[in-house]
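A short worksheet on the structure shown next.
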Amino acid sequence: MTTSFAQRFCARLVLALALALPVLLPANAGAQRADATPRVESREGRHALIVDGQPFLMLGAQVNNSSNYPDMLPEVWPVIRKLHANTVEVPIAWEQVEPEEGRFDFSFLDTLLVQARENNVRLVLLWFATWKNTSPAYAPAWVKLDNARFPRMTNAKGETHYALSPHYRSTLEADKRAFVALMNFLKVHDRQNTVIMVQPENEVGSYGSVRDFSRVAQRLFDGPVPEPLLRRFGKKSGNWKAVFGTDADEFFHAWHIARYIEEIAAAGKAIKPLPMYVNSALASAFGRQSAATYSSGGPIHHVIDVYKAAAPSIDFLSPDIYNRDQAAYLEYLRLYERDDNALMVPETGNAPEFARYFFPVVGHGAIGFAPFGMDATGYLNFPLGAKSLDDKTLELFARNYRLFEPMQREWARWAYAGKTWGAAEPTDPKAEHRQLLDLGKYRVTATFGQWQFGTGRPTGNSEPTGGVAIAEIGPDEFLVTGFMTRVRFDLAAPRAQESMLYVRVEEGNYQNGKWIFRRVWNGDQTDYGLNLTDREQVLRVKLGAYRGKPVIPVGNPN
Ligand code: DGJ
């Protein structure tokens, strides 16, 4: 075979460019892969969802459970557009794609992909299969009705439980085959990666029985604890009871469910390596309840390590947070934000009081947030979520996304650098409406329901709507945004006679990666702190210090 001069010239040019590129490109660009498949990247205990080669903040929304049919999509898109969501989480049900064994039908997914692209949003697919809120409701009838081939669990009394047992190859192989067919469909029909993540199963585990007590399960339970789990917990070998004592039943169940999902996820990733996560119905954020009261075997916070040992193909574990209490909400964020676990809230209530939690979620560096039940099909999961999904309720979520939409890429970068913080107003009106955020050199005091002028007591807003998110974007420079919160910066450890000042507070917003200036805040707008109101405001705050006493604002009524 001969090569022309032009071909040789081109080949040399490509080689020269390839050698020069590391020098020409900024440091982080080297991390970009030619392969644009989304992925989760982690560095020094921090995480980013990489979409189209760059960190991406998922401004998400999850549709209702049965909105996974083409005729429902016209009820979905108007709500998504109103919300300014950039990603929609949609179920794909096993019963829908494999109604008869071996006959696959991905026509809904086909329609969904086309319409998502038309609406300029990305997708997260929720694989409702062996477990959906722990039950096999979404498995095809040929699975649900054949419990000889696909056995259900047995409870401690020897009765047949509703959940499918995780201990049977027959069930695992059937689920895996359908999941692999789904991933194959994506590989062929979604080269542009409209789908950015996949959630295998949904809220796995079992209610009412801590584990399967069938003979098959019992034999495994009496056998040795697998090596990776012993290693993870630093334990010596033995059977489950001997090694884990009172935790043994739940850890055993969690391990086997996690191994089951691991095999499915690994087979799917071998086809197309999209990020995969498992969502969790939660146990109480504080204290330890009896496993009979929550979905035992799911990725509850105290078994995250079991899942990590069992399921290396699962990128992260996620809390579905429907608890309206601020202290519990923040605790769940703390429990799932780990060096080895990217934080994402794939489901949260769509009632008005959940909207403010967006700010601590992104402040914790989460890769995404998604209120649940965001469509106009008429179903409302009150009291978990909203009583009515009226315009006023939607607007509380929409305004958050409008703030972040133009700067989601920047925010995701700051979060990946570990430079973001957030706070939300307490739920209890009697609680202290003042929170401190430690930003290193600076300390932020966030107060809720405080007059904009003066230093009166913060008593909370008339509805709990206060929330603030802050990012460090340069030396002594911060981006501040949110609603219904007063934000005051102080030096964390001022030297003698040292006082902080706002060198410049600009209001503006990001457009295509550029800061667009609108005005400077000064005088009343900064004297007592920065008052974020119900207006959509993004501030760039440059701080400095001088030698001298702090300013005493004129006209202070206190
Ligand atoms: C959590 C589940 O993951 C969702 O699918 C849904 O059932 C909600 N609970 C309740 O509406």
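Counting convention: from 1, in listed order, for ligands and their atoms alike. These figures come from a predicted structure and were not determined experimentally. The first residue of the sequence shown is numbered 1, and numbering continues consecutively from there.
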Side-chain donor-acceptor pairs under 3.5 Å in residues 82-91, sequence neighbours left out?
{"from": "Lys82", "atom 1": "NZ", "to": "Asp391", "atom 2": "OD1", "distance (Å)": "3.1"}
{"from": "His84", "atom 1": "ND1", "to": "Glu405", "atom 2": "OE1", "distance (Å)": "3.2"}
{"from": "Asn86", "atom 1": "OD1", "to": "Leu59", "atom 2": "N", "distance (Å)": "2.8"}
{"from": "Asn86", "atom 1": "ND2", "to": "Leu57", "atom 2": "O", "distance (Å)": "3.0"}
{"from": "Glu89", "atom 1": "OE1", "to": "Gln62", "atom 2": "NE2", "distance (Å)": "2.8"}

* Asked: Glu463 and Glu425: side-chain contact (heavy atoms from CB on, under 4.5 Å), yes or no, with the steps?
  -> CA-CA 10 Å; Glu463 302 290 337; Glu425 175 167 9; over 6 Å; no
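- Listed by atom number, the atoms of ligand 1 under 4.0 Å from Asp320 heavy atoms are 3 (O).
- Between Gln62 and ligand 1, a contact under 3.5 Å exists for no N or O pair.
- Each of the following atoms of ligand 1 lies closer than 4.0 Å to a heavy atom of Glu203: 1 (C), 2 (C), 3 (O).
- Judged purely by distance below 3.5 Å, without hydrogens or angles, the side chains of His47 and Glu337 never pair a donor atom with an acceptor atom.
- Asn133 ND2, 2.8 Å is the protein heavy atom nearest to atom 7 (O) of ligand 1.
- Of the inter-residue distances, the one linking Asn323 atom CG with Leu282 atom CG reads 8.5 Å to the nearest 0.5 angstrom.
- Proximity to Asn381 (heavy-atom distance under 4.0 Å) selects the following atoms of ligand 1: 10 (C), 11 (O).
- Nearest protein heavy-atom neighbour of atom 6 (C) of ligand 1: Phe372 CZ, 3.6 Å.
- In the vicinity of Leu384, heavy-atom distances shorter than 4.0 Å reach the ligand 1 atoms 10 (C).
- Contact atoms of ligand 1 toward Asn202: 2 (C), 3 (O), 5 (O) (distance under 4.0 Å to a heavy atom of the residue).
- Counted by atom type alone, Thr130 and Asp175 present one or more donor-acceptor pairs between their side chains at under 3.5 Å.
- Around atom CZ of Arg191, no more than 12 heavy atoms belonging to other residues, nucleotides or ligands sit under 6.0 Å away.
- Atom 4 (C) of ligand 1 has Glu347 OE1, 3.4 Å as its closest protein atom, hydrogens excluded (heavy atom only).
- In this view, Ala137 and Ser135 satisfy the side chain to side chain contact (heavy atoms under 4.5 Å, CB included) rule, not counting sequence neighbours.
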